[in-house]
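For reference, the structure is listed below as structure tokens.
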Amino acid sequence: MHASLTELPRNADIAGLLTRIARFFTLQGDSTYRILAYEKAAQIIRDHPTSVAQLALSGGLRTLPGVGATIEETIREYVDTGHAALLQNLRGEYPDSIVDLLDIPGLGPRKVITLWNELGIDNLDALREACLRGKVAGVTGMGPRTEEKLLAELDAIDVRSSQFLLGFAEPHAYHLAAALRNIPGVSTADTAGSIRRRCSTVQSIDLVAGSRRPNDVMNAFAAFPEVAHVRERGNTSLVGTAHTSIPLHLRVVDPSAYGNLLQYATGSENHNAALRTYALGRGLDISEHGVANKRQDSIFTTPAESCLYDHLGLPWIPPELREDRGEIEAAQGGSLPRLIERTDLRGDLHVHTDWSDGKANIEEMALAARSAGLDYICICDHTQSLAVARGLNTERLYRQREAIAEINNRIEGITILAGCELDILANGRLDLPDGVLSELDFVVASIHSALSQPRKQIMKRLKAAMENPHVDAIGHPTGRLLLRRTAYDVDVECILELAAQTGTALEINSSFERLDIPGNIAQEAVVRGVSLVINSDAHNPEGFGLLRFGIGEARRGWVEPSSVLNTRPWPEMVQILRDPKGGFSRPR
DNA sequence: GCCGTTTTCGGCCCGACTGTTTTCAGTCG
């Protein structure tokens with residue numbers, strides 16, 4: 001029995017269980033629809049903002065889309081006992097490690113089973129050994145080329161991290177798309193895939209181009225200095241790798257069907273599948289080549305993606321929403337959100353300078369913010385306990401305020417506010433006294449130390465910060481560092497509740513290593529009437545460009561401008577802040 | 001296994017590419 005809350009499995013654990021079940025079903029050659037059902041449920045649970053285990057205990061699992069009676073039963077058993085009989089039975093004679101083989105590109109269930117049956121291979125090392133001895137080439141359906149490719153993949157598996165930060169991949173992708181557009185005969189080209197959907201981490205750069213001469217385009221692309229090598233090359237598509245080791249996918253179609261391809265290549269897979277199902281119900285068959293109307297024996301192609309959605313009787317759906325999380329239904333019902341845009345932001349409430357660990361002075365940051373189209377910024381440097389960042393004590397904070405006032409008098413077109421990024425100490429105390437905090441325009445409180453404390457203590461700290469009347473927002477509330485460090489052990493449910501109760505805003509930190517809170521939690525926050533702030537956490541003048549990542553994350557969470565405090569002009573913000581915290585909560 | 005403004009049963013996405021075949025199975029996105 002799971003004795004207490006802290007022992008409950010996390011959503012990632014439950015999702016992992018379902019994924020594992022799906023993989024064993026895959027190996028056994030079970031119905032693809034059953035496999036898909038488990039994978040879909042796993043995805044939903046992985047993305048769910050609050051504890052699914054708690055949901056299981058309260059009997060609410062069936063409210064999750066994709067969770068029916070059978071999967072509910074499995075999850076409940078897992079939450080109650082820590083294991084699932086279904087997985088034990090499925091696993092049967094297979095060793096646990098065999099599903100690892102499915103991670104190798106080129107190895108699917110059939111080949112894995114064949115390798116197991118004919119050579120007894122059940123793990124990566126055994127596979128490498130067999131390849132080196134030339135045994136794999138003799139296996140049914142495999143030859144020397146297969147063996148060669150498998151060895152290359154096995155060698156690559158250690159060096160290649162399969163995920164890349166959006167902030168890393170996006171500039172490369174935009175550069176390549178621009179280079180594609182410069183190839184003669186290319187009508188247009190774009191970045192598609194997960195980068196276009198603004199996923200915080202991506203696995204590849206997906207590019208699409210419109211041209212009547214696809215071969216010329218792929219030849220030119222293959223010769224780009226950024227392209228390290230080409231792995232596959234067909235008539236209309238190319239798969240390769242950049243020198244930065246990120247995989248590249250390029251597809252080329254006739255310009256007349258460019259809109260169809262762009263939609264297809266943007267995905268997600270789940271969105272496309274749902275869209276196809278929707279279209280099939282209307283007698284239409286969607287593929288990247290066009291929309292076939294079987295009754296009329298016609299095919300619809302278009303250069304413009306929006307015309308494709310229009311053809312299906314839907315408004316254009318922003319890429320960030322295309323995850324099959326209700327966007328098609330919302331589009332049908334005319335209730336798509338008016339997603340926040342970068343230009344909706346009037347200010348940035350979390351900006352560093354060289355008073356702490358920033359790289360530029362106050363004036364440089366202010367001028368850069370003005371150039372970025374902002375009306376106000378709040379200087380929120382670190383506070384004294386964060387010694388590595390030269391955090392400010394009371395005296396330096398007061399001097400900084402004076403410096404800010406002087407610069408405010410001198411420069412036009414931007415208002416500079418005085419705040420701080422207040423350290424929430426390991427013992428739950430705050431790093432500066434209330435008297436000092438009360439004089440600041442905006443206070444962001446963040447955790448930077450003792451990250452591995454148990455959930456209870458982490459929550460005690462966050463609670464103390466949120467209950468302080470001078471704390472306006474929690475900075476990077478979960479503490480996750482993408483691809484590097486998981487979130488500290490926060491109780492998201494509890495954070496949302498406290499934020500709503502105390503009227504404390506939650507930050508969407510735009511650093512592409514953080515993107516914290518993530519969009520799914522932001523979406524839940526909005527539902528509960530919690531206000532958001534989207535901040536750059538800029539440490540240099542270029543840092544305001546990061547806001548586009550925070551905006552993307554917010555859009556993935558269906559966030560509208562009205563839910564984000566810094567879409568308001570500063571005078572309006574002052575009114576809200578003057579109302580001691582209560583002003584933040586607004587009726588829904 | 002899930003799901004319902006076509007449906008509580010019968011659907012559930014499909015084309016490109018590779019390597020091995022010798023007309024296609026397996027994998028991928």
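Order of the sequence lines sets the chain letters (A, B, ...), proteins ahead of strands, with each chain counted from 1. Owing to the predicted nature of the structure, the values given are computational and were not obtained by experimental measurement.
Distances from the side chain of A:Arg282 to the nucleotides B:dT6, B:dT27, B:dG1 place B:dT6 closest. When distances run from any side-chain atom of A:His289 to the nucleotides B:dA16, B:dG26, B:dG29, the shortest one goes to B:dA16. The side chain of A:Thr146 lies closest to B:dT20 when the candidates are B:dT20, B:dC2, B:dA16. Comparing B:dG26, B:dC14, B:dC2 against the side chain of A:Ile71 picks out B:dC2 as the nearest. Relative to the side chain of A:His249, the nucleotides B:dC14, B:dT20, B:dG29 differ in distance, and B:dG29 lies closest. Distances were taken from every side-chain heavy atom of A:Tyr33 (C-beta onward) to each of B:dG1, B:dG15, B:dG26; the shortest belongs to B:dG1. Of the listed nucleotides (B:dG26, B:dG1, B:dC13), B:dG26 has the atom at the smallest distance from the side chain of A:Arg110. When distances are taken from the side chain of A:Leu280 to each of B:dG19, B:dC12, B:dG26, the shortest belongs to B:dC12. The nucleotide whose nearest atom lies closest to any side-chain atom of A:Pro109 is, among B:dG1, B:dT27, B:dG19, B:dT27. Closest contact between the side chain of A:Thr70 and the listed nucleotides B:dA16, B:dC2, B:dC13 involves B:dC2.
Not one N or O on the side chain of A:Arg197 forms a donor-acceptor pair closer than 3.5 Å with the backbone of A:Pro319. Side-chain atoms of A:Glu72 never come within 3.5 Å of backbone atoms of A:Leu61 as a donor-acceptor pair (strictly under, hydrogens ignored). At least one donor-acceptor pair closer than 3.5 Å links the side chain of A:Gln28 to the backbone N or O of A:Leu90.
Backbone-only engagement by A:Asn235 is indicated by non-hydrogen atom pairs under 4.0 Å involving sugar-phosphate atoms exclusively. Among the atoms of the strands shown, only primed sugar atoms or phosphate atoms (P, OP1, OP2) are found under 4.0 Å from some heavy atom of A:Tyr38. Across all strands, A:Lys149 comes closer than 4.0 Å only to sugar-phosphate atoms, never to a base (heavy-atom distances). Note on A:Thr236: only backbone sugar-phosphate atoms sit closer than 4.0 angstrom, heavy atoms only; bases stay farther off. No engagement by A:Asp206 is indicated, since no non-hydrogen atom pair under 4.0 Å with the nucleic acid exists. At the heavy-atom level, A:Glu232 lies under 4.0 Å from the strands shown only through sugar-phosphate atoms. Residue A:Ala69 is in sugar-phosphate contact alone, with no base atom involved, counting any heavy-atom pair closer than 4.0 Å across all strands shown. Note on A:Gly106: only backbone sugar-phosphate atoms sit closer than 4.0 angstrom, heavy atoms only; bases stay farther off. Within the 4.0 angstrom heavy-atom criterion, only backbone atoms of the sugar-phosphate kind lie near A:Val67; the bases stay farther away.
Look at A:Arg34 and you'll find a side-chain N or O under 4.0 angstrom from OP1 or OP2 of B:dG1. Phosphate proximity of B:dG29 to A:Ser204: absent, as no side-chain N or O sits under 4.0 Å from OP1 or OP2.
Nucleotides B:dC13 and B:dT18 place their P atoms 25 Å apart, quoted to the nearest Å. Using P as the reference atom, B:dC12 and B:dC17 are 25 Å apart when rounded to the nearest Å. B:dA16 and B:dG11 are spaced 26 Å apart, taking the P atom of each and rounding to whole Å. For B:dC28 and B:dT22, the P atoms lie 23 Å apart once the distance is rounded to whole Å. Taking atom P in both B:dG10 and B:dG15, the straight-line distance is 26 Å, to the nearest Å. Annotation: B:dT20 and B:dT8 have their C1' atoms spaced 45 Å apart (nearest Å). The separation of B:dC2 from B:dT7, taken at their C1' atoms, amounts to 13 Å, rounded to a whole angstrom. With both ends at atom P, the span from B:dT21 to B:dC3 equals 43 Å, rounded to whole Å.
Sparse packing is recorded around CZ of A:Arg133, with 12 or fewer heavy atoms of other residues, nucleotides or ligands lying under 6.0 Å away. At most 12 heavy atoms of other shown residues, nucleotides or ligands fall within 6.0 angstrom of atom CZ in A:Arg110.
Residues A:Asn509 and A:Arg480 bring no donor and acceptor atom of their side chains to less than 3.5 Å of each other.
The line from CD of A:Glu553 to OG of A:Ser510 is 9.5 Å long, rounded to the nearest 0.5 Å.
Rounded to an integer number of Å, the gap from A:Glu288 CD to B:dC17 C1' is 12 Å. One interatomic measurement links the two molecules: CG of A:Leu275 to P of B:dG15, which rounds to 15 Å at whole-angstrom precision. Here the C1' atom of nucleotide B:dC3 and the CG atom of A:Asp324 are 12 Å apart, to the nearest Å. Following rounding to the nearest Å, A:Lys40 (NZ) and B:dC3 (C1') show an atom-to-atom distance of 9 Å. One atom, CG of A:Leu36, and another, P of B:dG10, lie 21 Å apart when rounded to the nearest Å. What separates CG of A:Leu107 from P of B:dG26 is a distance of 13 Å, to the nearest Å. Spacing between atom CG of A:Asn260 and atom P of B:dC14 amounts to 15 Å, rounded to whole angstrom units. In this structure, CZ of A:Arg251 is placed 10 Å from C1' of B:dC17, rounded to the nearest angstrom.
With the nearest nucleotide of DNA chain B identified for both A:Ser237 and A:Val139, A:Ser237 has the one nearer the 5' end. Nearer the 5' end of DNA chain B, as judged by each residue's closest nucleotide, is the contact made by A:Gln332, out of A:Gln332 and A:Thr140.
With A:Tyr278 as the aromatic partner, A:Arg282 meets the cation-pi criteria of under 6.0 angstrom to the ring centre and within 45 degrees of the ring axis.
Of the nucleotides present, B:dG29 is the one that pairs with B:dC14 by Watson-Crick or G-U wobble criteria, both distances under 3.5 Å.
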